[in-house]
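Structure first, commentary second.
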Protein chains: 2
Amino acid sequence: MKDDRFCNSNCPFTRAIGTIGNKWKPIIINVLGTRTMRFGQLDAIVPHISRKVLSEQLKELEEDGLLERLAYKELPPRVDYKLSEKGLAFLPILENIKEWNLKYEVATIPKETDYKWSKLPQDGLS
Amino acid sequence: MKDDRFCNSNCPFTRAIGTIGNKWKPIIINVLGTRTMRFGQLDAIVPHISRKVLSEQLKELEEDGLLERLAYKELPPRVDYKLSEKGLAFLPILENIKEWNLKYEVATIPKETDYKWSKLPQDGLS
DNA sequence: ATTTGTAGTTACCTACTAGTAACCAGAATA
DNA sequence: TATTCTGGTTACTAGTAGGTAACTACAAAT
């Protein structure tokens with residue numbers, strides 16, 4: 001996202017939306033959870049994301065202090081991603097969103113085709 | 001947004017992000033809060049939004065059951081928007097996001113120019 | 001007769017986002 | 001010697017989001 005009108009707003013809520021208000025970041029934060037994961041794992045588990053977009057989002061999340069990037073000086077390279085304290089503090093909010101959705105969403109029957117999109121059963125997200 | 005890959009996902013969390021995971025919807029929901037507002041008021045208070053995008057977002061929010069649209073048969077037209085039960089239930093989550101941001105955000109000094117973007121002091125958002 | 005007010009819609013255009021495929025380093029393995 | 005492994009980056013392209021300006025309806029006010 002990186003919309004300066006949001007990120008530089010004088011309203012703290014607007015700024016918050018500027019940093020986490022897109023579709024990928026909440027998903028990435030949720031997938032990471034309390035685990036440490038490598039780039040390739042994230043790429044395999046986050047559904048439909050391309051490596052390009054994943055690396056962009058991870059970079060922004062790191063800049064905004066939501067996660068920590070640990071690069072080992074090895075070959076082939078190894079990089080671990082884990083949530084920072086700030087990122088971990090965001091997890092309960094995501095839990096609330098899940099509960100809110102389960103409570104109020106009108107039930108829909110997932111189509112067959114949905115499963116093609118999942119790299120893991122149930123998207124590995126919930 | 002309306003990304004079918006998100007909205008039709010078999011993961012409830014992914015679906016939730018599909019409906020509210022963009023930059024405008026949390027802002028609109030927050031601005032509405034417990035009040036009833038007319039289209040023109042929303043347009044005046046939500047910073048930087050165009051009428052076109054506002055009406056698109058309002059339509060999607062209505063479709064997703066987050067708000068109710070009350071059109072009076074008058075001329076000139078009058079339309080009231082208010083949050084539904086589902087929308088109201090989302091407000092505490094937005095409160096949590098505000099608190100989370102205030103607690104963890106690295107302090108930044110708002111620039112002079114920020115105030116030009118605000119149609120109300122402090123954006124009227126917080 | 002003209003202007004004002006409201007809640008949009010429409011057409012057009014631009015700017016950003018996201019996807020794809022190819023490519024990189026350099027050690028370990030076959 | 002060629003391939004594999006990993007975590008990206010780059011160039012190119014397609015698609016989408018969003019902005020602007022003009023336009024609508026019709027009553028009431030000027």
Side-chain angles (χ1 to χ4, degrees), chain A residues 1-7 9 14 17-28 31-32 36-63 67-82 116-117 119, chain B residues 1-7 9 14 17-28 31-32 36-63 67-82 116-117 119:
Chain A
M1 186 198 214
K2 282 293 135 189
D3 186 325
D4 287 340
R5 307 200 313 285
F6 277 66
C7 293
S9 166
T14 302
I17 296 302
T19 63
I20 47 84
N22 76 2
K23 57 181 180 179
W24 290 118
K25 286 174 186 167
I27 300 281
I28 292 170
V31 164
L32 262 178
T36 289
M37 291 182 79
R38 298 174 60 176
F39 183 84
Q41 290 179 287
L42 283 166
D43 180 49
I45 291 177
V46 178
H48 325 306
I49 203 168
S50 67
R51 298 169 83 78
K52 179 193 162 202
V53 173
L54 178 59
S55 85
E56 285 167 0
Q57 300 293 311
L58 288 171
K59 210 171 284 177
E60 289 181 10
L61 285 169
E62 195 196 352
E63 278 170 19
L67 55 78
E68 285 156 24
R69 183 180 180 277
L70 296 155
Y72 301 86
K73 294 214 178 308
E74 298 176 0
L75 273 165
R78 179 157 65 101
V79 179
D80 278 339
Y81 290 94
K82 57 178 287 206
K116 292 185 191 161
W117 292 331
K119 295 181 184 177
Chain B
M1 188 197 215
K2 282 292 137 190
D3 187 326
D4 288 339
R5 307 200 313 286
F6 278 66
C7 294
S9 165
T14 302
I17 296 302
T19 63
I20 47 83
N22 77 1
K23 56 182 181 181
W24 292 118
K25 286 174 187 168
I27 300 283
I28 292 170
V31 164
L32 262 178
T36 289
M37 291 182 78
R38 297 176 60 177
F39 184 83
Q41 289 178 288
L42 283 166
D43 181 49
I45 291 176
V46 176
H48 323 309
I49 204 168
S50 68
R51 297 169 85 76
K52 179 194 162 202
V53 173
L54 178 58
S55 84
E56 285 167 358
Q57 300 293 311
L58 288 172
K59 208 171 287 179
E60 290 182 8
L61 285 170
E62 196 197 353
E63 278 171 19
L67 55 77
E68 284 156 26
R69 183 178 180 278
L70 295 155
Y72 301 87
K73 294 215 176 307
E74 299 176 2
L75 272 165
R78 179 157 66 100
V79 179
D80 278 341
Y81 290 93
K82 59 178 288 207
K116 292 183 192 163
W117 292 331
K119 296 180 183 179

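Protein chains get the first letters and strands the later ones, always in sequence-line order, with residue 1 at the start of each. When reading the values below, keep in mind they use all heavy atoms of this one structure, side chains included, and skip hydrogens, waters and symmetry mates.
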How long is the line joining [atom1] of [X] and [atom2] of [N], in whole Å?
{"X": "B/K23", "N": "C/dC16", "atom1": "NZ", "atom2": "P", "answer": "11 Å"}
{"X": "B/N22", "N": "D/dT16", "atom1": "CG", "atom2": "P", "answer": "16 Å"}
{"X": "B/R5", "N": "C/dA18", "atom1": "CZ", "atom2": "C1'", "answer": "9 Å"}
{"X": "B/L54", "N": "D/dA17", "atom1": "CG", "atom2": "C1'", "answer": "15 Å"}
{"X": "B/D4", "N": "D/dG15", "atom1": "CG", "atom2": "P", "answer": "15 Å"}
{"X": "A/L42", "N": "D/dG8", "atom1": "CG", "atom2": "C1'", "answer": "13 Å"}
{"X": "B/E60", "N": "D/dT16", "atom1": "CD", "atom2": "P", "answer": "13 Å"}
{"X": "B/R51", "N": "D/dC23", "atom1": "CZ", "atom2": "P", "answer": "16 Å"}

Would you give the length of the straight line joining atom [atom1] of [X] to atom [atom2] of [Y], rounded to the nearest 0.5 angstrom?
{"X": "A/L61", "Y": "A/L67", "atom1": "CG", "atom2": "CG", "answer": "5.0 Å"}
{"X": "B/R38", "Y": "B/D43", "atom1": "CZ", "atom2": "CG", "answer": "12.5 Å"}
{"X": "B/E68", "Y": "B/L32", "atom1": "CD", "atom2": "CG", "answer": "11.0 Å"}
{"X": "A/L42", "Y": "A/S55", "atom1": "CG", "atom2": "OG", "answer": "11.5 Å"}
{"X": "B/S9", "Y": "B/D4", "atom1": "OG", "atom2": "CG", "answer": "11.5 Å"}
{"X": "A/T19", "Y": "B/K23", "atom1": "OG1", "atom2": "NZ", "answer": "13.5 Å"}

| task | Output all residues satisfying side-chain contact (heavy atoms from CB on, under 4.5 Å) with B/L75, sequence neighbours left out; order by chain, then residue number. | result | B/P77
| said: Please report the end-to-end axis angle for the helix from C/dA1-D/dT30 to C/dA30-D/dT1, five pairs per end, rounded to 10 degrees. | reply: 20°
Can a side chain N or O of [X] be found less than 4.0 Å away from OP1 or OP2 on [N]?
{"X": "B/W24", "N": "D/dA17", "result": "no"}
{"X": "A/R38", "N": "D/dG7", "result": "yes"}
{"X": "B/S55", "N": "C/dA7", "result": "no"}

| said: Can you list, in residue-number order, the parts of residues 74-82 of chain A that come under 4.0 Å of DNA chain D, counting heavy atoms only? | reply: A/P76, A/P77, A/R78, A/V79, A/Y81
| Toward the 5' end of DNA chain D, which comes first, A/K52 or A/L58, by nearest nucleotide? | A/L58
| said: side chain to side chain contact (heavy atoms under 4.5 Å, CB included) for A/Q57 and A/N22? Distances and angles first, verdict last. | reply: CA-CA 10 Å; A/Q57 300 293 311; A/N22 76 2; 3.0 Å; yes
| said: Quick check for you: among D/dG18, D/dG8, C/dA18, whose closest atom lies nearest to any side-chain atom of B/Q57? | reply: D/dG18
| task | From the options D/dG7, C/dG19, C/dT9, select the nucleotide whose nearest atom is closest to the side chain of A/V53. | result | C/dG19
| message | Regarding A/K59, tell me which of base, sugar-phosphate or nothing describes its non-hydrogen contacts under 4.0 Å with the strands shown. | response | sugar-phosphate
| task | Go through A/V31 and A/Q41 one step at a time and tell me if the side chain to side chain contact (heavy atoms under 4.5 Å, CB included) criterion holds. | result | CA-CA 10 Å; A/V31 164; A/Q41 290 179 287; over 6 Å; no
| task | Using the side chain to side chain contact (heavy atoms under 4.5 Å, CB included) rule, take A/L58 and A/F39 through it: C-alpha gap first, then chi angles, then the decisive distance, then the call. | result | CA-CA 9 Å; A/L58 288 171; A/F39 183 84; 3.7 Å; yes
